[in-house]
A.B. asks: 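Mind looking over this structure? Questions follow.
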Amino acid sequence: MTKANKTLLMLPGDGIGPEVMEEVRRVIAWLEKRRGVTFAVTEDLVGGAAIDRHGAPLADETMAKALEVDAVLLGAVGGPKWDNLDFARKPERGLLRLRKEMELYANLRPAICFAALADASTLKRELVEGLDIMIVRELTGGVYFGTPRGIETLPDGTRRGVNTQVYTTPEIRRVAAVAFELAAKRQGRVTSCEKANVMESGVLWREEVQKLHDERYKDIALSHMYADNCAMQLVRNPKQFDVIVTDNLFGDILSDEAAMLTGSLGMLPSASLGAVDASGRRRALYEPVHGSAPDIAGHNAANPIATILSFAMALRYSFDLEEEAQRIETAVKDVLAKGMRTADIMQKGAARVSTSVMGDSILLALDRLAA
Ligand code: NAD
């Protein structure tokens, strides 16, 4: 029996966040009962829910808790109720504060195409069936944060907008190391993407990734690709990739492109990882890619799979419970193969189910797998 006593902070947030998080709670209860894995789970507020209670999208005490636990699992934040607040007080600021203070510099976005959903992709089945890519996006540097930045008015009255793409050796090396280590547990291949043909920061990126590879990760097959070519290759032949590592801006675009190869937002998990501290623990935040979906909130209609798969990533990357992570992923595959579909992934001939029935079905599949 696997034993663990790991700390998890759950932040359900707003809209469908609490509904999808409820299904994760049931998966945790299943793991505790059937697999003897124990978690120390605490729950708190983020986003609009925290604004309503504390007047701020993330209370200082919640931030402090997030820094103490092994992993944070977040549902979603935001909604029309808080749309008119100042930017500094909006629900999304809660999420940005978590990312900033936890120093989460590596964003992991898997793009996995489940066989049962291959026809939902905009690409042909043979191009996406069995797809399993991991995109590692640098999250705290690059052009979104570089200075100088701003808009100025020139003497002739026209205006000039400036952003600065800037990366340093340590910023590149730490995110590349995450990619190499992930690849070592997957197919052993990393594609590093930049625009070294036209950008000095891209030349530096390429050189530093290569250098780190030659020093420490010689067993991994490393290739370099211009980011625009990568965008084309993702729709031409996506299965050529294993792990893609890239900067903040290109990663923003390429990860959304790769995600959409696989179908619905309701299926997409993510992880954001920070540095390993002295005790060997890596700060980590897990969350579905989707938002709070106010249009369906409260209707028991949301797809809980993205959040359940985010929790599976937490099992894999924060709790070292690979077997349990795979068990959950297999249960999800099983349920999809049996034709269970929430509205967002509905297909002809399938059974349309609610959030809670999708949760029931995943628990039943877990039971079957454990039998
Ligand atoms: P969204 O992801 O909430 O919804 C986009 C569309 O996808 C909607 O039609 C929604 O019903 C559907 N959808 C999303 N998740 C689903 C799921 N699990 N199951 C079934 N259908 C699903 O994006 P949006 O509409 O642009 O934003 C709504 C709110 O969420 C806004 O306040 C936005 O700021 C916030 N938001 C939060 C996050 C986050 O918390 N990380 C991310 C994006 C948007």
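In this text, all values refer to a predicted model and were calculated from it rather than measured experimentally. Ligands are counted one by one from 1 in listed order, and the atoms in each one are counted from 1 as well.
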A.B. asks: Can you find a heavy atom in the side chain of Asp119 that is under 4.5 Å from one in the side chain of Gln347?
C.D. replies: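 Sidechains of Gln347 and Asp119: in contact.
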A.B. asks: Got the residues with a heavy atom under 4.0 Å of ligand 1, by chain and number?
C.D. replies: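 Close residues (ligand 1, cut-off 4.0 Å): Ile16, Ala76, Val77, Gly78, Gly79, Glu92, Leu95, Leu265, Gly266, Glu287, His290, Gly291, Ser292, Ala293, Pro294, Asp295, Ile296, Ala302, Asn303, Asp344.
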A.B. asks: For Leu268, what are the other residues in its hydrophobic cluster, where any two members join if their side-chain heavy atoms are less than 4.5 angstrom apart?
C.D. replies: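 Met260, Leu265, Val289, all in the cluster of Leu268.
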A.B. asks: Can you list every salt bridge (charged side-chain N to carboxylate O under 4.0 Å, His left out) pair that touches residues 180-190, not counting sequence neighbours?
C.D. replies: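 Listed once each, the pairs are Asp132-Arg186, Glu181-Arg216, Arg186-Asp242.
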A.B. asks: Sort and list the pairs that fulfil ring pair (Phe, Tyr, Trp, His ring centres under 6.0 Å) and have at least one residue in residues 267-309, not counting sequence neighbours.
C.D. replies: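 Listed by first then second residue: nothing to list.
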A.B. asks: Checking side-chain polar atoms at under 3.5 Å, does Ser192 have a donor or acceptor matched by the opposite partner on Glu194?
C.D. replies: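 No, Glu194 and Ser192 have no side-chain donor paired with an acceptor closer than 3.5 Å.
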A.B. asks: Give the ring-plane orientation class for His213 versus Phe180, where under 30° counts as parallel, over 60° as perpendicular and anything between as tilted.
C.D. replies: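 Rings of His213 and Phe180: tilted, as their planes differ by 30° to 60°.
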